[in-house]
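Indexing begins at 1, ligand by ligand and atom by atom, following the structure's order.
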Amino acid sequence: MADRSFLNWPFFHDRHRDYYARFDAWVGENLADIDHGDIDESCRRIVARLGEAGWLEASAVDPDDPDSAIDVRTLCLSREILARHDGLADFAFAMQGLGTGALSFFGTPQQQEWLRKTRGGEALSAFALSEPRSGSDVANMEMTATHDSGDYVLNGEKTWISNGGIADLYTVFARTGEAPGAKGISAFVVPADTPGLQVAERINVIAPHPLARLSFENCRIPESALIGESGSGFRIAMSVLDVFRSTVGAAALGFARRALDETVNRAAGRELFGAPLFDLQMVQGHIADMALDVDAAALLIYRAAWTKDMGAARVTREAAMAKLYATDKAQEVIDKAVQIHGGDGVRSGHIVESLYRNIRALRIYEGASDVQKIVIARQALATAQTGALS
Ligand SMILES: Cc1cc2nc3c(=O)[nH]c(=O)nc-3n(C[C@H](O)[C@H](O)[C@H](O)COP(=O)(O)OP(=O)(O)OC[C@H]3O[C@@H](n4cnc5c(N)ncnc54)[C@H](O)[C@@H]3O)c2cc1C
């Protein structure tokens with residue numbers, strides 16, 4: 001059984017401990033048989049099961065309750081549990097939150113109607129920010145949204161869009177031109193069946209993950225599709241990422257915990273040179289490093305989540321630290337797990353082989369590791385100059 005002692009840290013209440021125990025048991029019983037042969041179909045099935053059982057209620061605010069808020073600790077615990085069991089299940093859960101985050105935080109009551117379906121597992125959502133020439137450089141976005149006869153008309157391309165091709169709604173960011181760069185971008189909610197929106201290419205990557213490049217050609221949407229104020233799209237995107245970046249760290253933590261558990265069991269059970277592999281002190285050194293990295297990552301993740309839940313307007317520094325540390329260290333932890341498993345570590349279909357493929361993209365999306373370092377350095381400078389904390 002995975003280490004649960006972290007649940008006694010002061011970041012958590014009894015409701016979190018209770019949630020962890022119930023959700024962990026449910027995932028073990030209800031998602032173990034999902035086969036990944038058809039990735040699109042698997043995602044739909046996972047989302048439907050999570051929705052029917054009520055677990056997607058954590059992914060977005062309740063449209064019937066104006067006081068409801070997303071509990072970031074619950075999101076992180078959910079992703080940690082799901083990633084420990086199955087990377088695709090974690091991905092499918094996460095997208096229901098990321099794809100609707102702008103609606104949860106900035107949507108009108110009419111726009112939030114979508115949340116009934118995404119929280120119920122009846123609709124899949126996506127977050128369409130990246131473009132062929134603007135990934136890390138978001139402010140370089142080229143896609144346009146032109147005001148025309150009371151509508152907006154979208155033209156351009158989005159790429160690397162998770163759930164692209166299977167989502168029912170897309171949160172799309174496009175240039176409305178109020179100002180150059182980051183200040184001239186707006187956010188829109190776009191149903192997948194809007195004429196002019198097409199899947200230009202499906203993209204395959206090293207681990208199961210539905211992805212697409214999308215084209216928008218004279219794609220007309222009503223003014224009511226604008227999320228928040230015109231020109232505030234960059235701020236909206238960053239506020240959403242502020243919340244969800246910590247959860248990417250939590251997914252990495254789930255992968256790392258699984259790698260650590262598998263490695264300890266393997267080292268204890270395998271005989272080498274007439275004794276358990278675990279008795280070799282160099283192996284113990286690796287396992288100690290792995291356990292240390294797992295705990296340190298957990299501290300940073302749940303610090304960021306707790307800070308946000310306590311009402312901080314932004315947790316840019318905390319979330320960047322959590323994502324950077326947890327994803328980079330999970331890669332190292334999993335690499336050690338592969339090494340200690342010997343040949344089995346690279347055998348196709350072995351759990352640590354799949355963890356090795358699953359972790360890699362987390363160090364690139366929602367802000368690459370290098371970008372997180374820049375964010376952290378700039379926050380350090382701001383703190384030194386103004387004494388500001390976040
Ligand atoms: C599996 C996967 C899922 C994704 N899902 C989504 C999604 O749902 N929605 C969406 O909008 N996008 C998504 N993306 C896109 C992702 O956010 C971008 O790939 C990421 O922002 C990097 O952009 P890029 O690929 O254009 O690389 P580039 O911007 O070309 O950057 C390449 C590399 O340069 C380095 N780098 C970048 N900036 C700096 C800097 N300032 N200083 C130093 N080094 C730097 C980093 O190492 C970076 O990885 C996804 C990507 C992947 C791989």
Next on the checklist: Is Leu211 close enough to touch ligand 1? Criterion: a residue heavy atom under 4.0 Å from a ligand atom.
Outcome noted: yes
Item to check | Identity and separation of the nearest protein heavy atom to atom 39 (C) of ligand 1 | outcome: Val371 CG2, 4.0 Å
Item to check | Proximal atoms of ligand 1 relative to His209 (non-hydrogen, under 4.0 Å) | outcome: 1 (C), 3 (C)
Item to check | Location of contacts on Leu98 toward ligand 1, heavy atoms closer than 4.0 Å | outcome: neither
Checklist entry - Between Glu366 and ligand 1, which part of the residue brings a heavy atom under 4.0 Å of the ligand: side chain, backbone, both or neither? => result backbone
Item to check | Heavy atom of the protein closest to atom 49 (O) of ligand 1 (residue, atom name, distance) | outcome: Ala368 CB, 3.5 Å
Next on the checklist: Any carboxylate oxygen within less than 4.0 angstrom of a Lys/Arg side-chain nitrogen, looking at Asp344 and Arg347?
Outcome noted: yes
Checklist entry - Given that the side chain starts at C-beta and the backbone is N, CA, C, O, which of these parts of Asn163 lies under 4.0 Å from ligand 1, counting heavy atoms, or is it both or neither? => result neither
Checklist entry - Looking only at protein heavy atoms, which one is nearest to atom 21 (O) of ligand 1, and how far off is it? => result Gly135 C, 3.6 Å
Item to check | ligand 1 contact on Ser162 by region, counting heavy-atom pairs under 4.0 Å | outcome: both
Item to check | Phe127: numbered ligand 1 atoms lying under 4.0 Å from its heavy atoms | outcome: 7 (C), 8 (O), 9 (N), 10 (C), 11 (O)
Checklist entry - Where the side chain of Arg360 meets the backbone of Ile206, is there a donor-acceptor pair that is under 3.5 Å apart? => result no
Item to check | Centroid separation Trp55 to Phe93 less than 6.0 Å | outcome: no
Checklist entry - Under 6.0 Å from the CZ atom of Arg270, do we count more than 12 heavy atoms belonging to anything else shown? => result no
Checklist entry - Using 4.0 Å as the upper bound for N to carboxylate O, is an ion pair formed by Lys373 and Asp328? => result no
Item to check | Donor on one side chain, acceptor on other, Asp24 and His85, under 3.5 Å | outcome: yes
Checklist entry - Considering only heavy atoms of Ile374, which atoms of ligand 1 have at least one such atom less than 4.0 Å away? => result 40 (C), 41 (N), 42 (N)
Next on the checklist: Strictly less than 4.0 Å: does any protein heavy-atom distance to atom 33 (C) of ligand 1 fall in that range?
Outcome noted: no
Checklist entry - Looking at Ile364, which atoms of ligand 1 are within less than 4.0 Å of one of its heavy atoms? => result 19 (O), 20 (C)
Next on the checklist: Protein non-hydrogen atoms only, distance under 4.0 Å: does atom 37 (C) of ligand 1 have such a neighbour?
Outcome noted: yes
Next on the checklist: Under a 4.0 angstrom heavy-atom cut-off, which atoms of ligand 1 come close to Ala361?
Outcome noted: 1 (C)
Next on the checklist: Among all the protein's non-hydrogen atoms, which is closest to atom 18 (C) of ligand 1, and how far away is it?
Outcome noted: Ser130 OG, 4.1 Å
Item to check | Those atoms of ligand 1 less than 4.0 Å from some heavy atom in Asp370 | outcome: 43 (C), 44 (N), 45 (C), 46 (C), 47 (O)
Item to check | Lys/Arg N to Asp/Glu carboxylate O, Arg357 vs Glu353, below 4.0 Å | outcome: yes
Checklist outcome for this item: For atom 6 (C) of ligand 1, the closest protein heavy atom turns out to be Trp160 O, 2.7 Å
Checklist entry - Under 4.0 Å between a Lys/Arg side-chain N and an Asp/Glu carboxylate O for Asp242 and Lys308? => result no
Next on the checklist: Please tell me if atom 23 (O) of ligand 1 is touched by the protein, where touching means a protein heavy-atom distance below 4.0 Å.
Outcome noted: yes
Item to check | N-O pairing of Arg257 and Glu80 below 4.0 Å | outcome: yes
Item to check | Subset of ligand 1 atoms that lie under 4.0 Å from at least one heavy atom of Ile161 | outcome: 9 (N), 10 (C), 11 (O)
Next on the checklist: Tell me if a side-chain donor or acceptor on Glu262 pairs with a main-chain N or O of Ala337 at a distance below 3.5 Å.
Outcome noted: no
Next on the checklist: Check Arg44 with Glu41, please: is the shortest side-chain N to carboxylate O separation under 4.0 Å?
Outcome noted: yes
Next on the checklist: Name the residue from Tyr20, Tyr302, Tyr19, Trp306 that meets the ring-ring contact (aromatic ring centres under 6.0 Å, His included) definition with Phe12.
Outcome noted: Tyr302
Checklist entry - Should Glu318 and Arg303 count as an ion pair when the cut-off is N to O under 4.0 Å? => result no
Next on the checklist: How far is atom 31 (O) of ligand 1 from the closest protein heavy atom, and which atom is that?
Outcome noted: Ser136 OG, 3.3 Å
Checklist entry - Got the closest protein heavy atom to atom 2 (C) of ligand 1, with its distance? => result Tyr365 CD2, 3.4 Å
